[in-house]
Amino acid sequence: MTQRSAAREVFHTDRAPAPVAAYSQACASGPILSVAGQVGIDPRTGGIVEGGAGPQTEQALRNLDAVLTAAGASLEDVIRMDCYLTTTDHLAAFNEAYAGWFSAPGPPARTTVIVGVADGLLVEVTALAVRRD
């Protein structure tokens with residue numbers, strides 16, 4: 001679903017978890033697309049993916065991909081990722097899962113920060129993309 005205003009477009013898909021507060025899954029202004037934080041929640045069940053940071057990273061990136069698709073973009077259009085982990089202990093599993101999601105010429109710019117994430121969640125990712133017409 002797309003909602004348009006003079007300033008921006010707002011995007012939503014059922015293929016990613018619904019927002020739990022006052023925010024949109026993604027917003028665009030012209031070709032610039034900002035995707036809100038995606039986490040390791042399976043949108044079909046509403047449950048947190050089990051198995052640790054690797055499986056949660058995979059699910060968060062599936063959710064991100066779904067939102068990008070709903071907004072007319074893809075992972076190839078992503079120019080920046082902000083990644084949030086609850087501990088540095090999850091970094092190796094996160095990097096291993098993350099590495100398989102981006103093809104040539106390489107992954108986007110990325111910041112990874114250690115923070116508190118909602119209870120039971122180990123990973124959150126956001127993206128900035130430039131949509132192609």
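Remember, predicted model here, so these are calculated numbers, not experimental data. Computed over heavy atoms, backbone and side chain alike; hydrogens, waters and symmetry mates excluded.
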Asn63 vs Pro17 side-chain heavy atoms within contact, under 4.5 Å:
yes

Side-chain heavy-atom pair Arg80, Pro108 within 4.5 angstrom cut-off:
no

4.5 Å side-chain heavy-atom contact, Met81 and Thr111
no

Is there a side-chain contact between Val78 and Glu76 in this structure, where contact means two heavy atoms from C-beta onward sitting under 4.5 Å apart?
no

Any non-hydrogen side-chain atom of Glu50 less than 4.5 Å from a side-chain atom of Pro55?
no

Considering only heavy atoms from C-beta outward, does the side chain of Ser74 approach that of Leu68 to under 4.5 Å?
no

With heavy-atom distances below 4.5 Å as the criterion, would you say the side chains of Leu33 and Val35 are in contact?
yes

Identify all side-chain donor-acceptor contacts of residues 112-126 below 3.5 Å with residues at least two apart in sequence or on another chain.
{"from": "Thr112", "atom 1": "OG1", "to": "Arg110", "atom 2": "NE", "distance (Å)": "2.8"}
{"from": "Thr112", "atom 1": "OG1", "to": "Arg110", "atom 2": "NH2", "distance (Å)": "3.3"}

Are Val39 and Leu128 grouped together when hydrophobic residues (ILVMFWY) are joined by side-chain heavy atoms under 4.5 angstrom apart?
no

Heavy-atom side-chain contact between Arg131 and Glu9 under 4.5 Å:
yes

Side-chain heavy atoms under 4.5 angstrom apart, residues restricted to Ile, Leu, Val, Met, Phe, Trp, Tyr: same cluster for Tyr23 and Phe11?
no

Closest non-hydrogen atom pair, Ala93 against Gly54:
CB-N, 3.8 Å

Do Trp101 and Val67 share a hydrophobic cluster, counting only Ile, Leu, Val, Met, Phe, Trp and Tyr and linking them when any side-chain heavy atoms are less than 4.5 Å apart?
yes

Just to verify, what does Tyr98 make a ring pair (Phe, Tyr, Trp, His ring centres under 6.0 Å) with, not counting sequence neighbours?
Phe94, Phe102

